[in-house]
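We name chains A, B, ... by the order of the sequence lines, and we start the count at 1 in each one. What you see is a predicted model; the values in this text were computed from it and never measured.
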Amino acid sequence: MRDRVIARRPPSRLRGGGLRQAGAAAVLALLLTGAGSASAGAEPDGEKIYQRCFACHSVERNRTGPRHCGLNGRAAGSVEGYNYSKAMRNSHIVWNKETLDAFLANPRAAVPGTIMAYAGVKKESERAALVDWLLALPPCE
Amino acid sequence: MSESQIIVPASAEIPTLRRRSFLTGLGGLTLSAAAVAMLAGKESLAAGTSGNAEADVNILAGALAAEQEAIAAYQLGAESGLLQKPVLDLAVTFQGHHKEHADVLASTISKLGGKPAKAKSSYDFPVEKLKSQRDVLEFAAGLEKGAVSAYLGAVPLFDNRDLATAAASILGDEAMHWAVLRQALGLAPVPSAFVS
């Protein structure tokens, strides 16, 4: 999915050749893959990665984004009391390892029209840890 | 602190877009340029504005909602009776920054043809877990760290690069909040060379 998006709309700085562009590409690749993060070389911790979501989400409460308890097996756009985008309500997604991984890799490509304005968790190992942690959350009380 | 919610004086409203105003040709472009200048605080940035303003408004709407919740969270902390000076002053100062962010985001959404949502009348915070100044600081630090990540995740999505630059400016402010709160908690204020 990510490859498709990059191919469709390459960053303007990377169009054309030259050393400067190559350097920019290298830096971009480093950052997008998370190689420069503090967790590089360590096993990603899904709960810690979830802290990135704290501005909008929590496990137990609907906030700017919907709550995440009971996520595993739930139909997208179905949390009671949360006002989803039409795109999410009509996505026909059921959250599991595959669908959540695809969504978190690039939310706006996975569900065009989603109001979740987040580029995604680009590093695969971090995304996998986050997916596992989210899907292991208990049902909502 | 005995109730599970904090009440703020504003009516809840779902963010919506006045799509028609995106379709008014030159008017949309003019509004976009003004919005960029306003958000970034630099009139010179208004030049050359174009692109998918509706998508940018959706990003700004999400940021506005998060800023409004942060304002309410700091209000909760300030009124909790748990914060002592100078931490209380710090919280009020940071709340003021979030108010400035929210004001400029709302104005920019309007200028771009969208309709900014008002703050919710109430927010559901984990009040039962806030029993000390440290609890409040940890809660605030978590929100600020999340805000840093949220802006980091939003910046590359802006079609308008000037809006991205302005959002990055807010990101910097949120990062400073997070660092100062960590310092107040006795933690390393800047725990790593990169944020994510």
Under 4.5 Å between side-chain heavy atoms, counting indirect links through other Ile/Leu/Val/Met/Phe/Trp/Tyr residues: same cluster for [X] and [Y] or not?
X	Y	answer
B:Leu82	B:Leu185	yes
B:Phe94	B:Leu187	yes
A:Tyr50	A:Leu135	yes
A:Tyr82	A:Phe54	yes
B:Met176	B:Trp178	no

- Comparing B:Glu67, B:Glu69, B:Glu144 against chain A, the one with the most heavy-atom pairs below 4.5 Å turns out to be B:Glu69

Rounded to the nearest 0.5 Å, how far apart are [atom1] of [X] and [atom2] of [Y]?
X	Y	atom1	atom2	value
A:Ser85	B:Asn58	OG	CG	9.0 Å
B:Tyr123	A:Asn62	OH	CG	13.5 Å
B:Leu157	A:Tyr118	CG	OH	10.0 Å

- Task: Output, in order, the C-alpha distance, side-chain angles, deciding distance and verdict of side-chain contact (heavy atoms from CB on, under 4.5 Å) for B:Leu143 and A:Arg63.
- Result: CA-CA 12 Å; B:Leu143 291 179; A:Arg63 298 178 51 213; 3.1 Å; yes

- Query: Of A:Gln51, A:Lys48, A:Lys123, A:Arg52, which meets side chain to side chain contact (heavy atoms under 4.5 Å, CB included) against B:Ser196?
  - Reply: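 So the option named by the test is A:Arg52.
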
- Message: So A:Arg108 and B:Ile59, do their side chains get closer than 4.5 Å, heavy atoms only?
- Response: yes

- What heavy-atom pair brings B:Ala66 and A:Ala55 nearest, and what distance separates the two atoms?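 Reported closest heavy-atom pair: CB-O, 3.9 Å.
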
- Query: Taking NZ, NE, NH1 and NH2 as the nitrogens, is one of them in A:Arg61 or B:Glu128 under 4.0 Å from a carboxylate oxygen of the other?
  - Reply: yes

